[in-house]
Amino acid sequence: MGALTDLGKKELIFTIGRYIGYFFQIIKGFLLAKILGPELFGFFGIFLLVQQYLVYSNFGIQYALNIKLSVNDNNKSTLSKSIKSIIDSSFTLIIFSSSLLLIVSLFLIFSKIDLNFVVPTSHFIIGLLVITILFHIQEVFLNVFRIKKEFYVILFTEICISISAIVVIPFFDGIELLYAVIISWILALILSVTIFKINYKHTIKWDIKMVRPLIAVGLPFLLYNFSFNLISMASRSFVAFNFKISEMGFFTFAVSLTTAIMLVFNSVSWIIYPRLITQLSDKKLTKMQLESLLFGLTKKTLAVLFVLILSSIMFLPLIFSFLPKYSVSYKTVVVLLINQIVINSAFALTSYLVGRNMFNVLITSSIFALVFSCLLMFLFTSFNFDYAWIAFANLIGSMVFVNYLIFITCKKQKLSYKHLFSSFNYVVQLSFIAFALLTLFDFSILGLLLFSTTMILFLKNDILEIFNIIKSKIS
C-alpha cells in the first residue's frame, strides 16, 4: 500500500479541504433538488448527462497528459523542455477539439432542431458548448498542477466552482434558477482557468510536436474510459428515454447523491493515481511481487469502500428526512452505492493495465460488460420494472467487468488467477447481489446485516490497517 503510505501532510490537508468543497457540492445538489422539484431537476439531469458525454470530445487529452507526466517522473518543480512540449501540445489539441465542437454546435443551432425541452434548444447547446470547452482547458491545468503537487491552487478553484451555484440559489427559482446555475457555473470555470493561468507562470505556445504521441496514448484510454463510464451513463440514458421526466429527476438525485458520497474515495485516488501507475508499471517487479501488490491493493480498496458506503447508508434516513419527496429513490441509491464498491474494487488492476499500456484489455472488458448491462436494461424496461432495476442492471454489468478483467489479465500476463480472484471472491460478490436484491424487495435491513457481516469477516485486518495508516498521518 505504498501509494497510500506515501501521502504527506500536504496531500492529507488537500484531501480534507477538497471534501469541504465537495460538501458545498452536496448542499448545492440537495438545494436544487428541493427547490426545482423532480421535473425540473430531471431536466437538469439530462443537461448534466449530455455534458458528461461531451467530456469525451477532447481526444483523451487529459488521460494522455496524466500518463505522460506520470511516466516523465523527474524534475516536476521546474518544467523540463519535454514536459513543457507535452503541456503546450495538449493546449494545441484543445483548440482543435473546441473548434470542432463549435462547428457542430453552429450546425445544430442553424438546423433549428427542436428537442422539446423547457428551454430553447439554442440556449441548451450554447450552455453545453461553453461549459465543455472551459472544462477541457481546466482539466489540462488540473493534471499539470497535480503532478507538480500544487494542491492548494487546485483546492481554491474547486471550492470556487462548488459554491458558485449556492450563491445564486436564494435569488431565483424555476427556469430562472436553471439559467442562473448554468451561468454561475460558466463564470466559476472562467475564474478557475484564470487562476490556473496566473499561477502557471509559463507562456502557453502553439506546439504540435507531441500531438501525435498524445493522441496515440489518449484515444485508446478515451475509448476505455468512455466504454467503462458508458455502463453508468447508459443507465441514465435508459431512464431519460423510457421513464417520466419526474422519474429522471429521482434517478438523477440518486446518481448525484452517490457521486457526492464517492468524492471521499475519488479525492484520495485522484492524488495517488500517478504514483500508483508508476509503481505498478515498474518492470523490475517479479510475478510474485506483482500478484501480492495487486491482491493487497484490491483488498484495501474494498476496505476503504466498505467503510465509506456503510457509513453513508446509515445516514440516508437523515438525508431523506430533509428531502422527503425524494425518499422514493432510496432503493436506487443503495444499489448504486453497492455498484460503486464493485466498480472501484478494480482500481489497482486498471491502474496496472494503464501503466502497462494494455488498453485493449480494458476496452474489451468494458464493452463486454456494457453489452451485458444494456441487455438487462432492455429486459427490465420491457417488463415495466421501475427505474431502481436499471441501477441493478448497472451493478451486474460492473460485476461482469471486474470478473472478466481479472480473468483476461491473469491469462495474458500469466498471473495466478486463484490468488487474484481471492481478493474479490464469490462469497463477497454474492453478498453484493443479495444486498441489492433484498433492498429491491423491501428487505434492506436483512440485506445490510448480511452484507456487513460478510465484509467485516473478509476485510477485518485490512480495515484495521487502513485506520492505523490514517491515524499515523493525522498524528
Note to self: Taking Lys414's backbone N and O only, do any of them form a donor-acceptor pair with Lys287's side chain (distance below 3.5 Å, no angle check)?
What the structure shows: yes
Check: Does any N or O in the side chain of Asn394 come within less than 3.5 Å of the main-chain N or O of Ile390, such that one atom is a donor and the other an acceptor?
Finding: no
Please round to the nearest 0.5 Å and tell me the distance separating atom [atom1] of [X] and atom [atom2] of [Y].
X	Y	atom1	atom2	result
Met262	Ile309	CE	CD1	5.0 Å
Phe253	Ser327	CZ	OG	9.5 Å
Ile433	Leu395	CD1	CG	6.5 Å
Phe385	Leu440	CZ	CG	10.0 Å

Examine the side chains of [X] and [Y] and answer whether a donor and an acceptor come within less than 3.5 Å of each other.
X	Y	value
Ser192	Gln138	yes
Ser97	Asn58	no
Thr409	Tyr352	no

Decide yes or no for [X] and [Y]: does some side-chain heavy atom of the first lie under 4.5 Å from some side-chain heavy atom of the second?
X	Y	value
Leu353	Leu405	yes
Gln51	Trp185	yes
Lys197	Ile204	yes
Leu142	Glu139	yes

So with a 6.0 Å cut-off around [atom1] of [X], is the heavy-atom count from everything else above 12?
X	atom1	value
Leu100	CG	yes
Ile445	CD1	no
Phe156	CZ	no

Notebook entry, point to check: Who are the side chain to side chain contact (heavy atoms under 4.5 Å, CB included) partners of Leu370, not counting sequence neighbours?
Noted result: Leu230, Ile231, Ala234, Cys374
Margin query: Holding to side chain to side chain contact (heavy atoms under 4.5 Å, CB included), I want the full list of residues that pass it with Val328, two or more places apart in sequence or in another chain.
Written below: Phe250, Tyr387
Margin query: Show the nearest heavy-atom pair for residues Ser345 and Leu305, with the distance to one decimal.
Written below: N-CD1, 4.0 Å
Checklist line | Nearest non-hydrogen partners of Leu32 and Phe44, listed with the distance | finding: CD1-CE2, 4.0 Å
Next item on the list: Determine the sole option in Phe458, Phe432, Phe451 for which the ring-ring contact (aromatic ring centres under 6.0 Å, His included) test with Phe306 is passed.
Entry: Phe451
Margin query: If the condition is ring pair (Phe, Tyr, Trp, His ring centres under 6.0 Å), which residues does Tyr56 pass it with, not counting sequence neighbours?
Written below: Phe226
Can you confirm whether or not the ring centre of [X] sits under 6.0 Å from the ring centre of [Y]?
X	Y	answer
Phe96	Phe59	yes
Phe401	Phe372	no
Phe251	Trp389	no

